Amino acid sequence: MLHIGCHLSAAKGYYHMGQEALKVGADTLQYFTRNPRGASAKKVDPEDIKKFVDLMEEHHFAKIVAHAPYTLNACSKDEHLRALAKRMMAEDLETLDYLPGNYYNFHPGSHVGQGIEAGIGYICEALNEVLRADQKTTVLLETMAGKGSEVGSRFEELRSIIDGVEKSDKLGVCLDTCHVSDAGYDIIHDLDGVLNEFDRVIGLDRLKAVHLNDSMNVTGAHKDRHAKIGEGEIGVEAITRIINHPALRDLPFNLETPNDLEGYAAEIKLLRGLYEA
Ligand code: FE
Ligand code: FE
Ligand code: ZN
């Protein structure tokens with residue numbers, strides 16, 4: 001069975017978000033742990049989370065993905081911003097203790113001028129500070145498009161991060177189809193080749209989730225503009241191969257396409273129809 005969901009909001013509570021997921025035909029979801037552009041986190045209501053966890057169990061949800069805010073930059077040149085990133089990550093991971101066994105996805109960051117090696121060093125430093133031996137959440141590094149000075153658009157960079165983290169058993173990778181294509185990996189014509197490369201450099205056992213997006217731009221464009229499924233350069237045929245690929249087909253897929261709830265429901269229905277039983 002295809003595990004698919006979409007990006008939803010937790011602003012009205014977790015249980016409300018779970019009900020929205022059911023409404024669009026999802027059996028997983030992704031949400032921002034806090035305002036994506038701001039820093040403040042909503043106070044958690046344990047009762048609400050409990051109801052949400054029960055709902056997920058009842059409806060056999062696959063693992064869900066909590067996404068860190070875009071503003072979080074663990075490899076900023078500014079020490080104050082690095083400290084803020086660590087504080088947000090530590091807090092988010094504490095909140096996620098209420099939702100044990102799920103994923104926390106973050107963008108490795110942008111090194112803005114200091115160079116990729118210094119950036120990777122800071123990311124490792126942050127993870128070495130915030131990862132706890134007793135946490136039940138797996139932290140996912142998202143594959144990036146390579147826009148500006150983004151870290152994580154090459155599999156080798158993600159490997160270097162994993163290699164620099166002591167509790168690397170807490171780390172995985174989330175593959176964003178728009179981002180990898182924009183980064184120059186040809187998932188349209190050579191999905192096998194790209195996944196072999198992923199396996200060689202990172203190891204497919206680290207791949208835990210997929211962001212399923214079409215891209216407004218061609219392979220290698222380094223842009224990061226998501227398109228609706230079938231309305232971008234990746235196209236429905238390649239996306240059908242992606243959701244059915246033996247290395248991917250059992251992972252949770254989340255749409256981050258420009259859609260309202262109705263649009264998400266339609267895409268989820270389309271994709272369920274393209275999945276080979
Ligand atoms: Fe993301
Ligand atoms: Fe993404
Ligand atoms: Zn993106």
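The model shown is predicted, which means the values in this text are computed figures rather than measured ones. Residues: numbered from 1 along the sequence shown. Note that ligands are numbered from 1 as they come in the structure, with each ligand's atoms numbered from 1 the same way.
Asp186 and His189 share a donor-acceptor pair across their side chains, judged by distance under 3.5 Å alone. His211 and Gln30 share a donor-acceptor pair across their side chains, judged by distance under 3.5 Å alone. Using modelled atom types, one finds a donor on one side chain and an acceptor on the other under 3.5 Å when comparing Glu142 with His67.
Centred on the Fe ion (ligand 2), the angle running from His211 (ND1) to Asp176 (OD2) is recorded as 100°, rounding to 10°. Between the NE2 atom of His67 and the NE2 atom of His107, the angle centred on the Fe ion (ligand 1) amounts to 100° when rounded to 10°.
Atoms CG and SG, from Asn213 and Cys178 in turn, are 6.0 Å apart once rounded to the nearest 0.5 Å.
Taking the Fe ion (ligand 1) as reference, Glu142 places its N/O/S atom OE1 nearest. Closest approach between the Fe ion (ligand 2) and any N/O/S atom of Glu256 involves OE1.
Each of Glu267, Glu231, His226 was evaluated against Thr257; a single residue qualifies, Glu267, per the side-chain hydrogen bond (donor to acceptor under 3.5 Å, both in side chains) test.
Within a 6.0 Å sphere centred on CD of Glu197, other residues, nucleotides and ligands contribute more than 12 heavy atoms.
Ring pair Tyr104/Phe106 is parallel by interplanar angle, where below 30° counts as parallel and above 60° as perpendicular. The aromatic rings of Phe155 and Tyr185 sit parallel, their planes meeting at an angle under 30°, below the 60° perpendicular limit.
Protein atoms that are N, O or S and lie under 2.8 Å from the Zn ion (ligand 3) are these: His179 NE2, Asp224 OD1, His226 NE2.
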